[in-house]
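Here is the structure we will look at, set down as structure tokens.
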Protein chains: 2
Amino acid sequence: MRSPDELSDLFRASGRKVTPQRRRIFELLEGNSSHPTAESIYLELVKDMPTVSLKTVYMTLKELEEMGEVQCLDLGMGSSRFDPNVDGEHHHLVCVSCGKVRDFQLSQNWDLKLQVPDEMFSVSKAEIVFRGTCATCRVIGSRSVVENSDKVHIS
Amino acid sequence: MRSPDELSDLFRASGRKVTPQRRRIFELLEGNSSHPTAESIYLELVKDMPTVSLKTVYMTLKELEEMGEVQCLDLGMGSSRFDPNVDGEHHHLVCVSCGKVRDFQLSQNWDLKLQVPDEMFSVSKAEIVFRGTCATCRVIGSRSVVENSDKVHIS
DNA sequence: GATACATTTTGCACTAGTTGTAAATGATTG
DNA sequence: CAATCATTTACAACTAGTGCAAAATGTATC
Ligand SMILES: [Mn+2]
Ligand SMILES: [Mn+2]
Ligand SMILES: [Zn+2]
Ligand SMILES: [Zn+2]
């Protein structure tokens, strides 16, 4: 994702307006590798802007997605996760215990798309989802389970 | 997934009851490679059993999932897809135009799990989702777009 | 086959996540 | 600074799925 300043210019250049709400959402997303939900962005946003609405967050995220500045990930955990990391193709480690999502780069540069015969299916995106338990949860799990949290926090 | 007869025995053996509703759901799933939603199974079921409830479908699918007889796929299309194909590890081609989901076997037998260092994350399942356009939709798309259907059909 | 009882089904209310509507607000431009 | 038109907001609506409790019904036992 581009910087808040660059995004602001891009928005204005395409006839969109740069509101304080949008500006703040850009800032919250910049360099955010926590794969936040719309809700978790909203919860940060509402600290500064008590009257902001969740709808605004959804709308801004959709704009950014359409502009290719964020990607929306559906990892089957109830809500969509938003990812400002769109420059390099990467995959995801999803912890089934705490819900955290981490980026993961394949060490070998396998071209997954080439696996599918083009006449059968024209692949536009190939993504691997690794489900399992993160290092933190493995330790916690071996001691007590009560502290495990499903909450998604923004970093 | 096992045959309806085998499933019936398994259910009874584990203290569960085999109702006509469950029996029929087993039959609808057997050899079904359409990756149906709960809703699409319900729509078939209700043809024979006008008073069946969607809740029953969800409950039976959850039982089957817990018994490892079906897998529940979250492909980010709004609703979960259920897959009786659990014997061989396989991946999925998801058509972003018509919503159809097809099985796909990697020709090279890459062990995706081995890619992730065990001390970093303990992988229990690695699945590739290929998104793109199926052969049918590519042809339709080149003529007219109006006929494209998002509906999910069983069988 | 009848009986007893636990399991299951069903209808309905309910939740979470997300989208639609329309009036009020406000960023941009000249 | 005013006009314009995009955007925000509150709120209703919607979809997928779940919780609940009464009624129905498989299954084991006699
Ligand atoms: Mn990511
Ligand atoms: Mn499959
Ligand atoms: Zn974890
Ligand atoms: Zn298609």
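Naming convention: chains lettered A, B, ... in sequence-line order (proteins, then strands); numbering from 1 in each chain.
Residues B:Cys134 and B:Arg102 form no side-chain contact, since every pair of their non-hydrogen atoms from C-beta on lies 4.5 Å or further apart. At least one side-chain heavy atom of A:Gln115 sits less than 4.5 Å from a side-chain heavy atom of B:Gln108.
With a 6.0 Å radius and a threshold of 12 heavy atoms from other residues, nucleotides or ligands, B:Asp111 has its CG atom above the threshold.
End-to-end axis angle of the helix from C:dG1-D:dC30 to C:dG30-D:dC1, from C1' rotation axes over five pairs per end: 40° (rounded to 10 degrees).
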With a 3.5 Å cut-off and sequence neighbours excluded, list the donor-acceptor pairs that the side chains of residues 66-76 of chain B form with protein atoms.
| from | atom 1 | to | atom 2 | distance (Å) |
| --- | --- | --- | --- | --- |
| B:Glu69 | OE1 | B:Arg2 | N | 3.0 |
| B:Glu69 | OE2 | B:Arg2 | NE | 2.7 |
| B:Glu69 | OE2 | B:Arg2 | NH2 | 2.9 |
| B:Gln71 | OE1 | B:Lys125 | NZ | 3.0 |
| B:Gln71 | NE2 | B:Asn85 | O | 3.3 |

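Reading DNA chain C from its 5' end, the first and the last nucleotide to sit under 4.0 Å from a heavy atom of chain B are C:dA6 to C:dG11.
Contacts classified as salt bridge (Lys or Arg N to Asp or Glu O under 4.0 Å) and involving residues 8-19 of chain B (residues at least two apart or in different chains) are given here: B:Arg16-B:Glu63.
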Subject >> Derivation of the side-chain contact (heavy atoms from CB on, under 4.5 Å) call for B:Leu112 and A:Phe130 >> reply: CA-CA 9 Å; B:Leu112 298 169; A:Phe130 297 90; 4.2 Å; yes
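In terms of the side-chain hydrogen bond (donor to acceptor under 3.5 Å, both in side chains) criterion, residue partners of B:Ser3 (sequence neighbours excluded) are, by chain and number, B:Glu6. Every ring pair (Phe, Tyr, Trp, His ring centres under 6.0 Å) that B:His92 has, sequence neighbours left out, goes to B:His35, B:His90. Not counting sequence neighbours, the partners of B:Ser8 by the side-chain hydrogen bond (donor to acceptor under 3.5 Å, both in side chains) test are B:Arg23. For B:Arg24, the salt bridge (charged side-chain N to carboxylate O under 4.0 Å, His left out) test picks out B:Glu27, B:Asp48, with sequence neighbours left out. Among residues two or more places apart in sequence or in another chain, the side-chain contact (heavy atoms from CB on, under 4.5 Å) test is passed with B:Asp87 by none. Residues forming a side-chain hydrogen bond (donor to acceptor under 3.5 Å, both in side chains) with B:Ser124 (at least two apart in sequence, or on another chain): none.
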Please list, for nucleotides 12-15 of chain D, all pairs of protein and nucleotide N/O atoms separated by less than 3.5 Å.
none

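When the C1' atom of D:dG26 is taken as reference, atom CG of B:Leu7 falls 17 Å away, rounded to whole Å. At whole-Å resolution of the value, CZ in B:Phe82 and C1' in D:dA16 are 11 Å apart.
A distance of 5.5 Å separates CZ of A:Phe26 from CG of A:Leu64, quoted to the nearest 0.5 Å.
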Subject >> Under 4.0 Å protein heavy-atom contacts per nucleotide of nucleotides 1-11 of chain D, with B for base, S for backbone only and - for none >> reply: ----BBSBBS-
